[in-house]
A.B. asks: 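Below: one structure in C-alpha cells.
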Amino acid sequence: MDDRIERIHSAVIARNPAEPEFHQAVGEVLESLEPVLAARPEYLDEAILERIVEPERQLIFRVPWEDDEGNIHVNRGFRVEFNSALGPYKGGLRFHPSVNLGIIKFLGFEQIFKNALTGQGIGGGKGGSDFDPHGKSDREVMRFCQSFMTELSRHIGPDTDVPAGDIGVGGREIGYLFGQYKRLRNRFDAGVLTGKALGWGGSLGRTEATGYGTVMFAKAMLATQGESLEGKTVLVSGSGNVAIYAVQRAQAEGARVVSISDSSGSVYDPDGIDFDLLKQVKEVQRGRVADYAAARPGAQLRTGEKVWTIEGADIALPCATQNEIDEDAAKELANNGVKLVAEGANMPSTPEAINVYREAGILYAPGKAANAGGVATSALEMQQNSARQQWSFDTTVGKLSEIMASIHDTCLAAADEFGHPGDYVLGANAAGFQKTADAMIQQGLV
Ligand code: NDP
Ligand code: 2IT
C-alpha cells in the first residue's frame, strides 16, 4: 500500500479498536485505490479517504423486551448511517447474536460502494441487533421488533434512512417493524422500509433479487470467457434468503447446485438441490438443512462441515456470512478445480482467500458487486412506493437484470481504466468510490 493510504488504514485501526471486520473491509477498499488516487489527486487534497471511513452518524440503543414466560431481556440495537452523498442511507438490518458495532460498520462501509454501483441514488447504512431470532415465537419476535422500532423510528424516514432485511430479518420482521413505525408516526410511509409484503407496498421480485442478481452476475462473468452456466456444477453455502434464490436461478440457467448449509453443517445433494423442498423446509417450516436432508433421498448431511471441501464443482457462490471462506477453504476450491467465485454474502472471503483466488486464476466477484441486486431492487421498491404503483414480476426482474449487467460492465471498465483488466475487486471499489467521492466534493465539506 502507498504510504498515505497505509497511514489512513492505521488510523482507522487505532480509532476503531476491536473491530476486525471493519478494519478488513476498509483495508480491502483502500488497497484498490492506489491507481485511482494517482489519477485523481484531488481526492487526497479534499481528505475524501479520511471522511469516507468515518460514519456520518452512529446510533447505539437499548432494546428491552419480554419473552413468552414474562422474563425480561435487554439487547443492543445499532444503526450506522455511513454516507448520504448519493441519497438517503440505505441498507439492511441484521439480527444475529454475533452482531456488534464493528460488524455493522463493516457492512455499512461496504454498502456505500455497493449502492453507488447500482446507480439508484442511495447512500450507505446498516443496522441490527445481537438479538437471536432462532427458536423465538412469532410473538417474541414481534415484541422485540416493536421495541427496536420504538427507538429506530426517530432516526429513519423515506427520504432519510431506509432499512431492509439481512441475516435474521425477512418478511415477518419487516412487517412487525413497519406496523410499529406506522403506529408511532401516524403515517403510512410505504418507502420507509423495503422488503415489505406484496399486499401493502412490497415489490414483486425483491425476495428473489439478491440470489437472482448474484447468478446474473456470475453469468456475465462466464460470458466474458465464452462460457455459460449450462451443465456447470455449483456449490452454494447458506440456506437463507440469498441462498434459496441463488439455487433457483442457477438451476434455471441449467446448472446443478449440489450443496446448501447452515451454522450446524451442510448438505451434499448430488442429484441437485430440490428447490421446492428447500423453500418448503426453510420458508414455510422455518427448519434447518438437516430437515432438508432427512426429507430428500440421496442427500448427505455433513454435520459440522462446510461445503467448500465438496469435490467436482466448477463454481462457488458463498451465500451465508462473512469470512466463511478462509485460506484453506480457498485452496480446497482451487485444488478441486473451481473456476469462479461470486459472492452472494457480504465479505465471505478472507483477504488470504482472495489472494489464493488471484494466484489460482479464479474469476472472482466481491459481494459489493455480485450481491448488489438485493439493494438495487429495494431502490426499485422505493420507486414504486413513490409512484403508488406495483410493477409486474417480469418488469422488476427485467430492470434487475439490466442493473446487474451494468454493474458488471462498470466494474470491468474501471478495472481496464486503472490497468488491471479483469480485476472485479479493483473495478468495483474504484467505480463505487469515484462516484461517491465526486458527490462528496461537489457537496462541500459537510
Ligand atoms: P438469512 O438469515 O436468510 O440466511 C442466513 C444463512 O446463513 C442461514 O442459512 C444461516 O444459518 C447462515 N449463517 C448465518 N450466520 C452464520 C454463521 N455465523 N455461520 C454459519 N452460517 C451462518 O440471511 P440472508 O440470506 O439474507 O443473508 C445471507 C448473506 O447475504 C449475508 O452475508 C447478508 O449480509 C448477505 N446479503 C443479503 C441480502 C439480502 O437481500 N437479504 C443482500 C445482500 C447481501 P443459521 O440459520 O444456522 O444461522
Ligand atoms: O447487504 C445488503 O445489500 C442487504 N442486506 C440489502 C439491503 C437493502 O436495503 O435492500
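For the numbers below, each heavy atom of this structure counts, side chains included, while hydrogens, waters and symmetry mates do not. In listed order, ligands and their atoms are each counted from 1. We count residues from 1, following the sequence as given.
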A.B. asks: Which atoms of ligand 1 have any heavy atom of S261 under 4.0 Å away?
C.D. replies: 9 (O)

A.B. asks: Identify, by atom number and element, the atoms of ligand 2 in contact range of G91, meaning under 4.0 Å from any of its heavy atoms.
C.D. replies: 7 (C), 9 (O)

A.B. asks: Considering only protein heavy atoms, which is closest to atom 6 (C) of ligand 2, and at what distance to one decimal place?
C.D. replies: R206 NH2, 3.6 Å

A.B. asks: We want to know whether D68 and S137 form a side-chain donor-acceptor pair, criterion being a heavy-atom distance below 3.5 angstrom.
C.D. replies: yes

A.B. asks: How close does the nearest protein non-hydrogen atom get to atom 7 (C) of ligand 2, and which residue and atom is it?
C.D. replies: G92 N, 3.5 Å

A.B. asks: Which ligand 1 atoms, with their elements, are less than 4.0 angstrom from a heavy-atom of T321?
C.D. replies: 15 (N), 16 (C), 17 (C), 18 (N), 19 (N), 32 (O)

A.B. asks: Under a 4.0 angstrom heavy-atom cut-off, which atoms of ligand 2 come close to G165?
C.D. replies: 4 (C), 5 (N), 6 (C)

A.B. asks: Any idea which protein heavy atom is nearest atom 33 (C) of ligand 1, and the distance to it?
C.D. replies: D166 OD1, 3.2 Å

A.B. asks: If you count every heavy atom of other residues, nucleotides or ligands that lies below 6.0 Å from E311 atom CD, does the total exceed 12?
C.D. replies: no

A.B. asks: Just jot down the ligand 1 atoms closer than 4.0 angstrom to any heavy atom of H134, in number order.
C.D. replies: 45 (P), 46 (O), 48 (O)

A.B. asks: Under 6.0 Å between the ring centres of W200 and F188?
C.D. replies: no

A.B. asks: Atom CZ of residue position R185 - does it have more than 12 heavy atoms of other residues, nucleotides or ligands inside 6.0 Å?
C.D. replies: yes

A.B. asks: So, do H408 and Y424 have ring centers that fall under 6.0 Å from each other?
C.D. replies: yes

A.B. asks: Starting from atom 13 (N) of ligand 1, find the nearest protein heavy-atom neighbour and note its residue, name and distance.
C.D. replies: A320 CB, 4.2 Å

A.B. asks: What atoms in ligand 1 come closer than 4.0 Å to a heavy atom of S263?
C.D. replies: 11 (O), 20 (C), 21 (N), 45 (P), 47 (O), 48 (O)

A.B. asks: Residue-level breakdown please: for Q322 versus ligand 1, do any non-hydrogen atoms fall below 4.0 Å on the side chain, on the backbone, on both, or on neither?
C.D. replies: neither

A.B. asks: Considering heavy atoms of the protein only, find what lies nearest to atom 27 (O) of ligand 1 and give residue, atom and distance to 0.1 Å.
C.D. replies: I167 CG1, 3.6 Å

A.B. asks: For R94, take its heavy atoms, then give the atoms of ligand 1 lying under 4.0 Å from any of them.
C.D. replies: 31 (C), 32 (O), 33 (C), 34 (O)

A.B. asks: Check E173 against ligand 1 and report side chain, backbone, both or neither, counting heavy atoms closer than 4.0 Å.
C.D. replies: neither

A.B. asks: Can you sort out which atoms of ligand 2 are near K114, meaning under 4.0 Å from one of its heavy atoms?
C.D. replies: 1 (O), 2 (C), 3 (O)

A.B. asks: Could you tell me the residue and atom name of the protein heavy atom closest to atom 15 (N) of ligand 1, and the distance to it rounded to 0.1 Å?
C.D. replies: H96 NE2, 3.5 Å

A.B. asks: Has the side chain of N346 got a donor or acceptor atom that lies under 3.5 Å from a matching backbone atom of L107?
C.D. replies: no

A.B. asks: Just to be sure I read this right, does ligand 2 sit under 4.0 Å from the backbone of E381, its side chain, both, or neither, counting only heavy atoms?
C.D. replies: neither

A.B. asks: How about F217 and Y212: are their ring centroids closer than 6.0 Å?
C.D. replies: no

A.B. asks: Please examine the side chains of I354 and E28, heavy atoms only from C-beta on, and report whether any two atoms are closer than 4.5 Å.
C.D. replies: yes

A.B. asks: Looking at atom 41 (N) of ligand 1, what's its closest protein heavy atom, distance included?
C.D. replies: N241 OD1, 3.6 Å

A.B. asks: Which ligand 1 atoms does G168 reach within 4.0 Å, using its non-hydrogen atoms?
C.D. replies: 2 (O)

A.B. asks: Check whether any heavy atom of S239 sits under 4.0 Å from an atom of ligand 1.
C.D. replies: yes

A.B. asks: So is there a nitrogen or oxygen of A243 less than 3.5 Å from a nitrogen or oxygen in ligand 1?
C.D. replies: no

A.B. asks: Within the 4.0 Å heavy-atom shell around K126, which atoms of ligand 2 are there?
C.D. replies: 1 (O), 2 (C), 4 (C), 5 (N)

A.B. asks: Any idea which atoms of ligand 2 are less than 4.0 Å away from a heavy-atom of A164?
C.D. replies: 8 (C), 9 (O), 10 (O)

A.B. asks: Any atoms of ligand 2 less than 4.0 Å from a non-hydrogen atom of S378? List them with their elements.
C.D. replies: 8 (C), 9 (O), 10 (O)

A.B. asks: Can you pull out the closest protein heavy atom to atom 9 (O) of ligand 2? Residue, atom name and distance to 0.1 Å, please.
C.D. replies: K90 NZ, 2.7 Å

A.B. asks: Do any heavy atoms of R206 fall under 4.0 Å from ligand 1?
C.D. replies: yes

A.B. asks: For atom 32 (O) of ligand 1, what's the nearest protein heavy-atom neighbour? Residue, atom name and distance, please.
C.D. replies: N346 N, 3.2 Å

A.B. asks: Does NZ belonging to K232 count more than 12 external heavy atoms closer than 6.0 Å?
C.D. replies: yes

A.B. asks: What is the nearest protein non-hydrogen atom to atom 4 (O) of ligand 1, stated with its residue, atom name and distance?
C.D. replies: G240 CA, 3.2 Å

A.B. asks: Residue-level breakdown please: for T210 versus ligand 1, do any non-hydrogen atoms fall below 4.0 Å on the side chain, on the backbone, on both, or on neither?
C.D. replies: side chain

A.B. asks: Under a 4.0 angstrom heavy-atom cut-off, which atoms of ligand 1 come close to A345?
C.D. replies: 29 (C), 30 (O), 32 (O), 35 (C)

A.B. asks: Scan the protein's non-hydrogen atoms and note whether one is under 4.0 Å from atom 10 (C) of ligand 1.
C.D. replies: no

A.B. asks: May I ask you to check if ligand 1 and K126 share an N or O to N or O distance below 3.5 Å?
C.D. replies: no

A.B. asks: With heavy-atom distances below 4.0 Å as the criterion, list the atoms of ligand 1 near C319.
C.D. replies: 28 (C), 29 (C)

A.B. asks: Would you check whether E110 reaches within less than 4.0 Å of ligand 2, judged by its heavy atoms?
C.D. replies: no

A.B. asks: Is the contact between N346 and ligand 2 made by the side chain, the backbone, both, or neither, using heavy atoms and a 4.0 Å cut-off?
C.D. replies: side chain

A.B. asks: Should the pair E21-K105 be classified as a salt bridge under the 4.0 Å nitrogen-to-oxygen rule?
C.D. replies: no

A.B. asks: For atom 25 (O) of ligand 1, which protein heavy atom lies nearest, and how many Å away is it?
C.D. replies: V242 N, 3.0 Å

